[in-house]
Every structure is written in C-alpha cells, then in structure tokens.
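The next block holds one structure in the form of structure tokens; read it before the comments.
In the text below, chain A, chain B and the rest are named by the order of the sequence lines, each starting its count at 1. Everything numeric in this text was worked out from a predicted model, so none of it was measured.
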There are 2 protein chains.
Amino acid sequence: MKIDRGGPAAAKSGKRERLVAAASRVLHEQGVEKTTLADIARVADVPVGNVYYYFKTKDQLVEAAIEAHAQGLRAVTAHLDQLPSPQERLKALLGGWTEQRELAARYGCPFGTLSSELGKRTDGLDHATAAVMRLLVDWVEQQFRTMGRDDPHDLAITLVATYQGISLLTNTFRDPELMTSQIHRLEEWIDSLA
Amino acid sequence: MKIDRGGPAAAKSGKRERLVAAASRVLHEQGVEKTTLADIARVADVPVGNVYYYFKTKDQLVEAAIEAHAQGLRAVTAHLDQLPSPQERLKALLGGWTEQRELAARYGCPFGTLSSELGKRTDGLDHATAAVMRLLVDWVEQQFRTMGRDDPHDLAITLVATYQGISLLTNTFRDPELMTSQIHRLEEWIDSLA
DNA sequence: GTCTATAATTAGATAGAC
DNA sequence: GTCTATCTAATTATAGAC
C-alpha cells in the first residue's frame, strides 16, 4: 500500500523524495537560513519554481527534512534493538557516531546543527526538532532503564548532550579525533555504570 | 590612551560600540543568516545605510561581534583567576553558566550557536570562532593542569563539550532545569577528580 | 568626516500556461 | 496533474549629498 505524503498526487517521478533528500543534505551543509530553494532544487535536479508544486513554502520543505531525520532515527534504533544487551545497543549507537566523525568535523551533527538554528524560532519548526530529539533521548533512556539504573533520564540527557557538545567542538576545531577520543570516554562511562 | 578599532575615525558618538553590542545580542537571538543589517541598526538606533560607514561588510560586523565575545571571555577568566583554587575557579565558571540558563533555554549558548552556524563556513569567520573557543578550552585546561591532572586537555574538552551539549538540549527542550541538573553533575565530577 | 537616497541583486512565492 | 515565466519584497551595498 502506497503512503500518501500529502504532496499533490504523490508522483511516480520521485521528485518529492529527491527534494527531501537534497534538502536534508544541503540544510546540513549550509544551514537553514543560508540555503535557498534554488540550492535544494539544483541538487535534487528539479526546476526551481517547480518546488512549490510539491511544497507550499520553504518551511514545509524544512519540516519534511526534519521528518526524514525522524524516520532515519527510527530505522537506526529499530536496527539497534536487535542487539542483545542495552550496553551493546548504546555502544553501537556511539560507534555509528564515531563513523560519522569526518562529516561532523566539516558540518557538525546533521541534526544538532539543525536544532541549534531552529531552536531560536517559535513557529512550530522548533517543536518539530524537539520531537525528534525527544525520540533519541527516550530511546537512550530506555536502555539505561533496562540496565537497572534508577536515574535513566538524567543519564540519557548526559549521553546525548555529550555527543552534541563533542560534535560542536569537533566541527569548531575541524578535528575528527576529538569525536574519537571523547566517544571513547563515553564508552568507558557506560561500562562503569553496568 | 584610546584604542583605535579600525573604524573610520573612531567617533565619540559611540555608534560603532552600539552596533557591535546590538550585533552580539541580535545574532544570538536570531542567528547570523536570519539577521539583517536593518535588524542590528534598529536595535543600535543607527540609520540602516549608515552601518556601512562603520563596517565595510556584514561579515566584518559579525567578526566584530566575535571579537566582543573574546573580550568578554577574557574579562570573565581574569575575574575568575582571582579565586584561590582551580576547583573554585571552574565551579564559578559553571555557576555563571547556570545563571544564564533562562537565556540558554530561549536562544542557546550565545557563543555556541554562533560557532555552530559559522562552523559550516570556510571563509575566515569559522577560524575566528575557533580562536575564541580555544581561549575557553585553554583556560579550562590550565585549571586541570594546576590540579595536577596528567590529561588536562581531554578533561577541558569534556567540560566545554558537556556545557555546549547541555546548552543545545536546554534550548531544544526549552527547559532551563536541564542546565541546572547537568551542571550539578559536572560539579560533582570536578570534585571526584580532585 | 558623516550620513542618506537609491541601485543591484536575489530571495520566496504565484498566476497561469501546457 | 505538472511545470515555468514572472512578480513582489527584501537584502546587501554604494554613489554621492551634506
């Protein structure tokens, strides 16, 4: 059964999907405000003015990119849930972040920088990013709860905040090894909690 | 002796200073790309087109705001250096961040969000923010070195990254108490290192 | 030396052609 | 249903008035 994503007559051409994928990438590389619809349309190989056939406003395209992040996150956690122990699940999550360290060094965390920029707003997109961040924190919290900790929420905030902060410094100093060494500290911290 | 800040004939009117102060505030509240020169000029109470008398480009005004952050940071650390022990100095730094939690909840860390946005660039402003972040990391590192730790750099990165990450989550979730509770964890961590 | 009117560009958005 | 030519508004920047 085909999912209707609200776009006019969900075409087979896949242009809507290309636009969302392009938006996700370009918004990460350039930031929301710096990015123009022309930038996204070029990467998606869609005529500029044509974008408005699929999205009524630029913000709706940004919102679709945020929802794509949510979907990607759900896919990742569903995959990690196959692992036998919460410690292994958390470490696998950290391992994925370490693998992305070169991207983080160049452009920061794909979702964190988006959240940083949209966090200044009060127009709904700020809530949309918060909802995705909540997905991540809730999943991590569940792992700590399964480990028998009585302060799973605090621990989850600590883990996610640490990753976000490391991403910022890794990007600011253009040094991917900061991610490697600090994630390593997080791994040892997880072991110390077990 | 008067400091010449490079502006044309450093006027007594104080407009340049007002522009830099307004830029620092508005860039924090709105972000760099979203902010127009008109926004800054309005807050500084300076005619819009007049801005170009003091700064050749928008980027030069942003750079002046970054330098203002550097000056502010130097003033803060000089003040903290009056305290007798490195532990007290670090905790006083954390205390200052806790006091700013409402501002962080609304707009994020004044310098971190700037760094996040400029970190995507490669035009010099990215290096300017990195230099200011380096000032902070170096000062923190010196405190851990004075405490006799053999891994002062890693510890400094951990502390600054944790604060930056907490700031992001505090802003994303609009919850100042996240700052309070996580800074408390950092204080206990500092005690555990002594 | 100080400031303002205005140019040049580019953005997001739409009416309407195919 | 799909797409393009074009509009309006807003932005950075400058030429030149005071």
Side-chain angles (χ1 to χ4, degrees), chain A residues 2-20 22-24 26-27 29-66 114 117-118 120-121 123-125, chain B residues 2-20 22-24 26-27 29-66 114 117-118 120-121 123-125:
Chain A
K2 202 150 193 317
I3 297 169
D4 179 62
R5 290 198 166 72
K12 308 114 180 91
S13 59
K15 287 192 180 178
R16 192 181 192 282
E17 287 70 19
R18 292 214 307 278
L19 281 170
V20 174
S24 195
V26 179
L27 291 176
E29 293 177 357
Q30 304 189 342
V32 177
E33 295 297 336
K34 181 75 178 294
T35 297
T36 68
L37 292 174
D39 292 333
I40 297 171
R42 193 183 323 116
V43 171
D45 198 31
V46 169
V48 197
N50 197 348
V51 173
Y52 284 90
Y53 175 59
Y54 298 96
F55 300 93
K56 277 202 279 284
T57 63
K58 179 183 175 181
D59 278 0
Q60 283 197 4
L61 181 46
V62 174
E63 191 172 14
I66 294 169
L114 192 63
E117 204 173 345
L118 297 178
K120 297 179 185 300
R121 296 203 193 182
D123 59 0
L125 288 184
Chain B
K2 205 153 192 312
I3 296 169
D4 180 62
R5 289 199 168 73
K12 309 116 179 89
S13 59
K15 287 191 180 178
R16 192 180 193 281
E17 287 71 18
R18 292 214 307 278
L19 281 169
V20 174
S24 195
V26 179
L27 291 177
E29 294 179 354
Q30 305 190 340
V32 177
E33 296 296 338
K34 181 75 179 295
T35 297
T36 68
L37 292 175
D39 293 333
I40 297 171
R42 192 183 325 115
V43 172
D45 197 32
V46 169
V48 197
N50 196 349
V51 172
Y52 285 89
Y53 174 59
Y54 298 96
F55 300 93
K56 276 203 279 283
T57 64
K58 179 184 175 180
D59 279 0
Q60 282 196 3
L61 180 47
V62 174
E63 191 173 12
I66 294 169
L114 191 64
E117 204 173 346
L118 296 178
K120 297 178 185 301
R121 297 203 191 181
D123 60 359
L125 288 184

Can you measure [X] atom [atom1] to [N] atom [atom2] for me and round it to whole angstrom units?
X: Tyr54(B); N: dT14(D); atom1: OH; atom2: C1'; result: 17 Å
X: Arg18(A); N: dT2(D); atom1: CZ; atom2: P; result: 14 Å
X: Lys34(B); N: dT11(D); atom1: NZ; atom2: C1'; result: 14 Å
X: Ile40(B); N: dT12(D); atom1: CD1; atom2: P; result: 8 Å
X: Arg16(B); N: dT2(C); atom1: CZ; atom2: P; result: 13 Å
X: Glu33(A); N: dT12(D); atom1: CD; atom2: C1'; result: 16 Å
X: Asp39(A); N: dT10(C); atom1: CG; atom2: C1'; result: 12 Å
X: Arg42(B); N: dT12(D); atom1: CZ; atom2: P; result: 12 Å

Of all the choices, [options], which nucleotide is nearest to the side chain of [X] once you look at every atom?
X: Tyr53(B); options: dC3(C), dT2(C), dT11(D); value: dT2(C)
X: Lys58(A); options: dT12(D), dC3(D), dA13(C); value: dA13(C)
X: Thr57(B); options: dA13(D), dC3(C), dT12(D); value: dA13(D)
X: Tyr52(B); options: dT4(D), dC3(C), dT14(D); value: dT14(D)
X: Asn50(A); options: dT4(C), dA13(D), dC3(D); value: dC3(D)

Which value, rounded to the nearest 0.5 Å, describes the distance between [X] atom [atom1] and [Y] atom [atom2]?
X: Thr35(A); Y: Glu117(A); atom1: OG1; atom2: CD; answer: 8.0 Å
X: Lys58(A); Y: Leu27(A); atom1: NZ; atom2: CG; answer: 7.5 Å
X: Glu17(B); Y: Tyr54(B); atom1: CD; atom2: OH; answer: 9.0 Å
X: Leu37(A); Y: Leu61(A); atom1: CG; atom2: CG; answer: 6.5 Å

Residue from Leu125(B), Val26(B), Leu118(B), Asp59(B) passing side-chain contact (heavy atoms from CB on, under 4.5 Å) with Val32(B)
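The side-chain contact (heavy atoms from CB on, under 4.5 Å) with Val32(B) is passed solely by Leu118(B) among Leu125(B), Val26(B), Leu118(B), Asp59(B).
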Earlier contact from the 5' end, DNA chain C, for Thr36(A) and Pro47(B):
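Its nearest nucleotide lies further toward 5', so the answer is Pro47(B).
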dT2(C), OP1 or OP2 - any side-chain N/O from Lys15(B) closer than 4.0 Å?
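Checking dT2(C) against Lys15(B), no side-chain N or O comes under 4.0 Å of OP1 or OP2.
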